[in-house]
Colleague: 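My structure is below; once you've seen it, I'll send some questions.
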Amino acid sequence: MPIVKTEISTMTQTHLSELVLANHILVNEGVLDGFGHVSVRDPHDPHLFHIARSMAPALVTLEDLVVCNLEGEVVSPAGGRTYVERFIHSEIYKSRPDVHSVVHSHSPAVIPFGVTGARLRPICHMSGFLGAQVPVYEIRDAIGETSDLLIRNQMLGQSLAQSLGQSMVVLMRGHGSVVVGSSIKQSVFRAIYTENNARLQMQAAPLGEINFLTDAEAQATSEMNDLHLDRPWEMWHKRVLKAG
């Protein structure tokens, strides 16, 4: 029995260390800045998830992580607090059992696709996970025209999760995006390449009609990239170390 407990402890520690590193990688790669957040579902209890307390992602350490339930309540440490928009995470975990990590960011190249008629679509083989077309969440449909665009409660979290549906990315009009994955490494990969795809799509648009990936190409490239998530993760990790 002591061996099992040690293995569980080690597994949890690995997830938490990856969560801290994910915060730093996403800042270093220009996806997060002073705002945004990333979480991971607890590997032993699917009704819990780990996220940092409300703070700049670049400063997150292991000591800054808290545990929340799927009602968006901090259950550990007692009296702990986290981001106002924790309901993005709790409601997606509640509605999507396949999701084990969530990233919410305001990555700049993505914003124009949530406020115009142009729709974000996969333009290269690294972003096949985007699928045929990325949905856009319109908060006005849920709460009218007087909100601050933040997902402040369970109702708004539920409506965002409904817009996400079975997609891997949902844009938030005038706000940013949410990216989901089956692991921290996958959600970080997708968050970075969502930003990269948006930038490439804007660069290509003035040159003429874009030849986007087909649905079959998108699926095949996404499956292939999922086999090699460690390769970019290690590179991004070294960039964080080099940046200090």
Side-chain angles (χ1 to χ4, degrees), residues 19 22-23 26-27 31-42 46-57 60 64-75 80-116 119-120 130 133-181 184 187-188 190-192 194-195 198:
L19 179 57
N23 277 272
L26 290 168
V27 171
V31 175
L32 301 182
D33 49 21
F35 299 92
H37 23 89
V38 54
S39 68
V40 63
R41 194 191 291 267
D42 189 277
H47 300 98
L48 301 175
F49 65 94
H50 302 263
I51 193 170
R53 63 185 178 84
S54 185
M55 63 185 301
V60 172
D64 296 308
L65 300 181
V66 302
V67 182
C68 296
N69 61 24
L70 298 193
E71 304 306 311
E73 303 165 331
V74 176
V75 297
R81 299 181 64 183
T82 186
Y83 302 98
V84 169
E85 292 192 290
R86 59 194 178 275
F87 303 103
I88 291 174
H89 305 261
S90 61
E91 293 302 322
I92 289 175
Y93 287 132
K94 191 183 296 183
S95 66
R96 289 277 300 271
D98 61 306
V99 170
H100 289 266
S101 182
V102 177
V103 177
H104 167 53
S105 77
H106 312 143
S107 59
V110 170
I111 301 295
F113 292 94
V115 298
T116 66
R119 290 293 173 252
L120 189 64
L130 291 174
Q133 185 168 287
V134 177
V136 178
Y137 173 66
E138 176 53 84
I139 195 170
R140 289 174 186 160
D141 294 340
I143 202 172
E145 299 184 4
T146 59
S147 79
D148 58 7
L149 304 187
L150 301 184
I151 307 301
R152 290 182 165 274
N153 54 48
Q154 287 179 294
M155 182 272 289
L156 290 174
Q158 290 168 7
S159 65
L160 175 63
Q162 289 172 359
S163 290
L164 172 67
Q166 294 303 305
S167 298
M168 303 306 161
V169 181
V170 61
L171 307 187
M172 304 165 73
R173 192 265 308 162
H175 187 166
S177 67
V178 175
V179 178
V180 302
I184 294 176
S187 68
V188 167
R190 289 173 172 175
I192 291 172
T194 295
E195 170 70 7

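Heavy atoms only: backbone and side chains are in, while hydrogens, waters and symmetry mates are out.
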Colleague: Could you walk me through whether His50 and Asp42 pass the side chain to side chain donor-acceptor pair (under 3.5 Å) test, one step at a time?
Modeller: CA-CA 7 Å; His50 302 263; Asp42 189 277; 2.7 Å; yes

Colleague: Any sub-3.5 Å donor-acceptor pair from Asn23's side-chain atoms to Leu26's backbone N or O?
Modeller: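 Flag not set: sc Asn23 to bb Leu26 has no pair under 3.5 Å.
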
Colleague: Could you tell me whether Glu138 and Arg173 make a salt bridge, using a distance below 4.0 angstrom between a side-chain N and a carboxylate O?
Modeller: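 Counted as a salt bridge, because a side-chain N and a carboxylate O are separated by less than 4.0 Å.
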
Colleague: If you apply the rule side chain to side chain contact (heavy atoms under 4.5 Å, CB included), what do you find for Arg96 with Gln166, and how did you get there?
Modeller: CA-CA 8 Å; Arg96 289 277 300 271; Gln166 294 303 305; 3.5 Å; yes

Colleague: Is a donor on one side and an acceptor on the other found under 3.5 Å between the side chain of Arg140 and the backbone of Glu145?
Modeller: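 Answer holds: no.
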
Colleague: Nearest heavy-atom pair of Leu160 and Ile151: which atoms, and what distance?
Modeller: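 That closest heavy-atom pairing would be CD2-CG1, 4.2 Å.
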
Colleague: Roughly how far apart are Arg86 CZ and Arg81 CZ, rounded to 0.5 Å?
Modeller: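 It is 8.5 Å, given to the nearest 0.5 Å.
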
Colleague: Report yes or no: does Arg53 contribute a side-chain atom to a donor-acceptor pair with the main-chain N or O of Asp64 at less than 3.5 Å?
Modeller: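 Checking the backbone N and O of Asp64 against the side chain of Arg53, no donor-acceptor pair under 3.5 Å is found.
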
Colleague: What is the minimum heavy-atom distance between Glu71 and Phe87, and which atoms define it?
Modeller: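 Heavy atoms of Glu71 and Phe87 come nearest at O-CE2, 3.5 Å.
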
Colleague: Of all residues at least two apart in sequence or in a different chain, which pass the side chain to side chain donor-acceptor pair (under 3.5 Å) check with Arg190?
Modeller: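 Arg190 satisfies side chain to side chain donor-acceptor pair (under 3.5 Å) with Gln186 only.
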
Colleague: Look up atom CD in Glu85 and atom CG in Leu150, then write down how far apart they are to the nearest 0.5 Å.
Modeller: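 The CD atom of Glu85 sits 4.5 Å away from the CG atom of Leu150.
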
Colleague: Decide side chain to side chain contact (heavy atoms under 4.5 Å, CB included) for His175 and His106; before the verdict, give the C-alpha distance in whole Å, the side-chain angles of both, and the deciding distance to 0.1 Å.
Modeller: CA-CA 6 Å; His175 187 166; His106 312 143; 3.4 Å; yes

Colleague: Which atom names give the shortest non-hydrogen contact between Val110 and Gly176, and what distance separates them?
Modeller: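 For Val110 and Gly176, the tightest heavy-atom pair comes out as CG1-O, 4.4 Å.
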
Colleague: Among Ser177, Ser159, Ser163, whose side-chain hydrogen bond (donor to acceptor under 3.5 Å, both in side chains) with Tyr137 holds?
Modeller: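 By the side-chain hydrogen bond (donor to acceptor under 3.5 Å, both in side chains) criterion, Tyr137 pairs with just one of Ser177, Ser159, Ser163: Ser159.
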
Colleague: Could you check whether any side-chain N or O of Thr116 sits under 3.5 Å from a backbone N or O of Phe113, counting only pairs where one atom can act as donor and the other as acceptor?
Modeller: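 A pair under 3.5 Å: no.
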
Colleague: Please find the pair of heavy atoms, one from Gly114 and one from Leu171, that lie closest to each other, and give the distance.
Modeller: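 Looking at all heavy atoms of both residues, the shortest contact is N-CD1, 3.9 Å.
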
Colleague: Could you check Thr82 against His37 for side chain to side chain contact (heavy atoms under 4.5 Å, CB included), going step by step and ending with a plain yes or no?
Modeller: CA-CA 10 Å; Thr82 186; His37 23 89; over 6 Å; no

Colleague: Just verifying a value: how many Å separate Ile143 CD1 and Leu156 CG, rounded to the nearest 0.5 Å?
Modeller: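 Going from CD1 on Ile143 over to CG on Leu156, the span is 4.5 Å.
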
Colleague: Compare all side-chain heavy atoms of Glu195 with those of Pro108 and state whether any distance is below 4.5 angstrom.
Modeller: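 A side-chain contact exists here, since the closest heavy-atom pair is under 4.5 Å.
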
Colleague: What's the spacing between Leu65 CG and Ser39 OG if we round to 0.5 Å?
Modeller: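 Separation between the atoms: 11.0 Å.
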
Colleague: Would you say the side chain of Val188 lies within less than 4.5 Å of the side chain of Val31, judging by non-hydrogen atoms?
Modeller: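 Side chain of Val31 against side chain of Val188, heavy atoms only: no contact under 4.5 Å found.
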
Colleague: Provide the closest heavy-atom pair for Tyr93 versus Ser101 in the form atom of the first, atom of the second, distance.
Modeller: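 For Tyr93 versus Ser101, the nearest heavy atoms are OH-CA, 3.4 Å.
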
Colleague: Restricting to salt bridge (charged side-chain N to carboxylate O under 4.0 Å, His left out), what partner residues turn up for Glu91, sequence neighbours left out?
Modeller: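 Counting only residues at least two positions away or on another chain, Glu91 forms a salt bridge (charged side-chain N to carboxylate O under 4.0 Å, His left out) with Lys94.
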
Colleague: Might you work through the side chain to side chain contact (heavy atoms under 4.5 Å, CB included) test for Met172 and Ile88, ending with a clear yes or no?
Modeller: CA-CA 11 Å; Met172 304 165 73; Ile88 291 174; 4.2 Å; yes

Colleague: Backbone N or O of Val99 within a donor-acceptor pair of the Arg41 side chain at under 3.5 Å?
Modeller: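 Side chain of Arg41 to backbone of Val99, a donor-acceptor pair under 3.5 Å: yes, one is there.
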
Colleague: What pair of heavy atoms forms the shortest contact from Leu19 to Ile51, and how long is it?
Modeller: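 Looking at all heavy atoms of both residues, the shortest contact is CD2-N, 4.0 Å.
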
